[in-house]
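Please read these numbers as outputs of a predicted model, since none were measured by experiment. Along the sequence shown, residues carry numbers from 1.
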Amino acid sequence: MTTTPTRGALPPAPHRGKLTMSEKVVQKIAAQGAAELPFVGGLRGGVLGIARHADSGQRPRASVEISGRTVAVFLDVALDFPADLAAQSADIRRHVTDTLEHTTGLQVRRLDITVRALTTEPDRRHRRLQ
């Protein structure tokens, strides 16, 4: 005997359709995830990388490579100093990985962090995802 789905019941997820996210969306989620940490900032200004400076009000820059259900993330950040940079990097990896896996369902296979600047600014302003 077969059962008929009750009205309003959803079929299993694989049968409901496909969800596609652009790399730009995943980049913004990764950058925002990093910016949520109080010791992480971004860079602004400059031309071709010359005369850029740390700005705690900017999100870090992120680029991603999506392959199927996995993603590689590359972050350019400014970090507070003096501090334990290795510990800060581990916190960034953990938080961005959790954020991406929770919000997108993608598995983070790699997360590279490039520290482009150090800052001593104690006050951090958080930007919201726009």
Between [atom1] on residue [X] and [atom2] on residue [Y], distance to nearest 0.5 Å:
{"X": "T119", "Y": "L79", "atom1": "OG1", "atom2": "CG", "value": "9.5 Å"}
{"X": "T70", "Y": "E101", "atom1": "OG1", "atom2": "CD", "value": "10.5 Å"}
{"X": "L37", "Y": "T99", "atom1": "CG", "atom2": "OG1", "value": "8.0 Å"}
{"X": "L118", "Y": "F81", "atom1": "CG", "atom2": "CZ", "value": "6.0 Å"}
{"X": "Q27", "Y": "R61", "atom1": "CD", "atom2": "CZ", "value": "11.5 Å"}

If you apply the rule side chain to side chain contact (heavy atoms under 4.5 Å, CB included), what do you find for M21 with T104, and how did you get there? CA-CA 8 Å; M21 286 174 274; T104 67; 3.6 Å; yes
If I compare all heavy atoms of [X] with all of [Y], which pair ends up nearest, and what's the gap?
{"X": "A34", "Y": "I92", "result": "CB-CG2, 4.4 Å"}
{"X": "A78", "Y": "G42", "result": "CB-O, 3.7 Å"}
{"X": "V73", "Y": "A30", "result": "CG1-CB, 4.0 Å"}
{"X": "A62", "Y": "L75", "result": "CB-CD2, 3.5 Å"}

With P60 as reference, evaluate T114, V40, D76 under the side chain to side chain contact (heavy atoms under 4.5 Å, CB included) test and give the passing residue.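 Running side chain to side chain contact (heavy atoms under 4.5 Å, CB included) over T114, V40, D76 with P60 returns exactly one hit, V40.
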Compare all side-chain heavy atoms of I29 with those of V26 and state whether any distance is below 4.5 angstrom.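 In short, these two side chains do not touch, never coming nearer than 4.5 Å.
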Evaluate the criterion side chain to side chain contact (heavy atoms under 4.5 Å, CB included) for residue pair F74 and L111; output intermediate values, then yes/no. CA-CA 6 Å; F74 308 92; L111 199 157; over 6 Å; no
In this structure, which one of R94, R93, Q88, H95 forms a side chain to side chain donor-acceptor pair (under 3.5 Å) with D91?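 Single side chain to side chain donor-acceptor pair (under 3.5 Å) partner of D91 among R94, R93, Q88, H95: R94.
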Side chain to side chain contact (heavy atoms under 4.5 Å, CB included) for L100 and V64? Distances and angles first, verdict last. CA-CA 11 Å; L100 279 171; V64 299; 5.7 Å; no
Give the intermediate values and the outcome of side chain to side chain contact (heavy atoms under 4.5 Å, CB included) for residues R109 and S67. CA-CA 10 Å; R109 74 175 187 279; S67 177; 4.1 Å; yes
Between R110 and D112, does any NZ, NE, NH1 or NH2 come within less than 4.0 Å of an OD or OE carboxylate oxygen?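 The answer is yes: the pair qualifies as a salt bridge.
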Decide yes or no on side-chain hydrogen bond (donor to acceptor under 3.5 Å, both in side chains) for R59 and Q32, but give the supporting numbers first. CA-CA 6 Å; R59 263 192 238 126; Q32 179 63 26; 3.0 Å; yes
